[in-house]
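Encoded as structure tokens, the structure appears first; notes follow it.
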Amino acid sequence: MPSARSPTTAEADALVAAFLASPFAPPAPGETGAPAALVRACVREGLLVDVDGTVFAAAALADARDRVIALLADRGSITVADVRDALGSSRKFTLPIVAWLDRNGVTRRRGDDRIPGPTSGLT
């Protein structure tokens, strides 16, 4: 059995694939059947990202970032509802994504709106 310390194993690849199967409404780590040590190893290696208690595939967050930047380029400002609709997700999963985008400077909050942040490439 592969070690949970080796997130490049087939087991880790399968775990990441489980998160990518529904990138913007991912399963809870316990629902995947993967050992908690494997989940932690994938987070440590950057394959998965724990955002305020919700775990996303890193590739899903990169995709969300690109989609939000495209929305901002088109509209100038967006709401959480705009992000939710663009991702085809629910508010439950959109809020942590938007918070992650804010923390990483992709967006900045202005009231109920989000505007381009310093790392969006739009400022």
Side-chain angles (χ1 to χ4, degrees):
M1 178 188 220
S3 168
R5 294 179 185 259
S6 302
T8 58
T9 65
E11 189 176 50
D13 291 344
L15 176 61
V16 172
F19 281 89
L20 287 173
S22 184
F24 307 119
E31 294 172 353
T32 66
L38 178 62
V39 174
R40 287 190 304 272
C42 288
V43 169
R44 247 189 340 270
E45 292 297 319
L47 300 171
L48 300 175
V49 180
D50 185 333
V51 181
D52 303 330
T54 302
V55 178
F56 294 93
L61 292 176
D63 183 21
R65 179 185 187 279
D66 293 345
R67 291 183 192 202
V68 167
I69 289 171
L71 275 176
L72 288 167
D74 185 49
R75 300 180 186 178
S77 71
I78 56 175
T79 64
V80 170
D82 294 329
V83 176
R84 181 199 64 216
D85 293 346
L87 300 180
S89 189
S90 69
R91 189 170 176 84
K92 171 185 175 182
F93 296 107
T94 302
L95 287 174
I97 292 171
V98 170
W100 180 83
L101 292 167
D102 289 346
R103 278 194 302 274
N104 286 283
V106 177
T107 55
R108 285 189 330 193
R109 187 173 182 174
R110 183 187 291 161
D112 288 338
D113 293 334
R114 296 303 196 284
I115 60 172
T119 65
S120 68
L122 301 174
T123 57

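This chain uses plain numbering: 1 for the first residue, then up along the sequence. Predicted model, so just to flag it, every value in this text is computed and none were measured.
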What's the separation between atom OG in Ser120 and atom CG in Leu72, rounded to the nearest 0.5 Å? 6.5 Å
Separation between OG1 of Thr107 and CG of Leu71, rounded to the nearest 0.5 Å: 11.5 Å
Contacts of type side-chain contact (heavy atoms from CB on, under 4.5 Å), residue Ala81, not counting sequence neighbours: Thr79, Arg84
Cluster link Leu87 to Phe19, ILVMFWY, side chain under 4.5 Å: no
Answer yes or no: does atom CG of Asp52 have more than 12 heavy-atom neighbours from other residues, nucleotides or ligands under 6.0 Å? yes
What verdict does the side-chain contact (heavy atoms from CB on, under 4.5 Å) test give for Lys92 and Thr54, after you've listed the backbone C-alpha separation in whole Å, the side-chain angles of each residue and the deciding distance to 0.1 Å? CA-CA 9 Å; Lys92 171 185 175 182; Thr54 302; 6.0 Å; no
Just checking Arg91: does its CZ atom have more than 12 heavy atoms from other residues, nucleotides or ligands closer to it than 6.0 angstrom? no
Pairs satisfying salt bridge (Lys or Arg N to Asp or Glu O under 4.0 Å), at least one member in residues 113-123, at least two apart: Asp102-Arg114
Backbone of Val80 reached by a side-chain donor or acceptor of Thr94 within 3.5 Å: no
Between Leu47 and Val51, is there shared hydrophobic-cluster membership here, with clusters defined by ILVMFWY side-chain heavy atoms closer than 4.5 Å? no
Can you pull the salt bridge (Lys or Arg N to Asp or Glu O under 4.0 Å) pairs that have at least one residue in residues 67-80, sequence neighbours excluded? Asp63-Arg67, Arg75-Asp82
Applying a strict under-4.5 Å side-chain criterion to I, L, V, M, F, W and Y, I'd like to know whether Ile115 and Val68 cluster together. no
Taking Val106's backbone N and O only, do any of them form a donor-acceptor pair with Thr119's side chain (distance below 3.5 Å, no angle check)? yes
Check the hydrophobic clustering (I, L, V, M, F, W, Y; side-chain heavy atoms under 4.5 Å; chains of links allowed) and say if Phe93 and Val16 are grouped together. no
Taking a hydrophobic cluster as the set of Ile, Leu, Val, Met, Phe, Trp and Tyr residues connected by side-chain heavy atoms closer than 4.5 Å, whether directly or through intermediates, do Leu48 and Leu61 fall within one such cluster? no
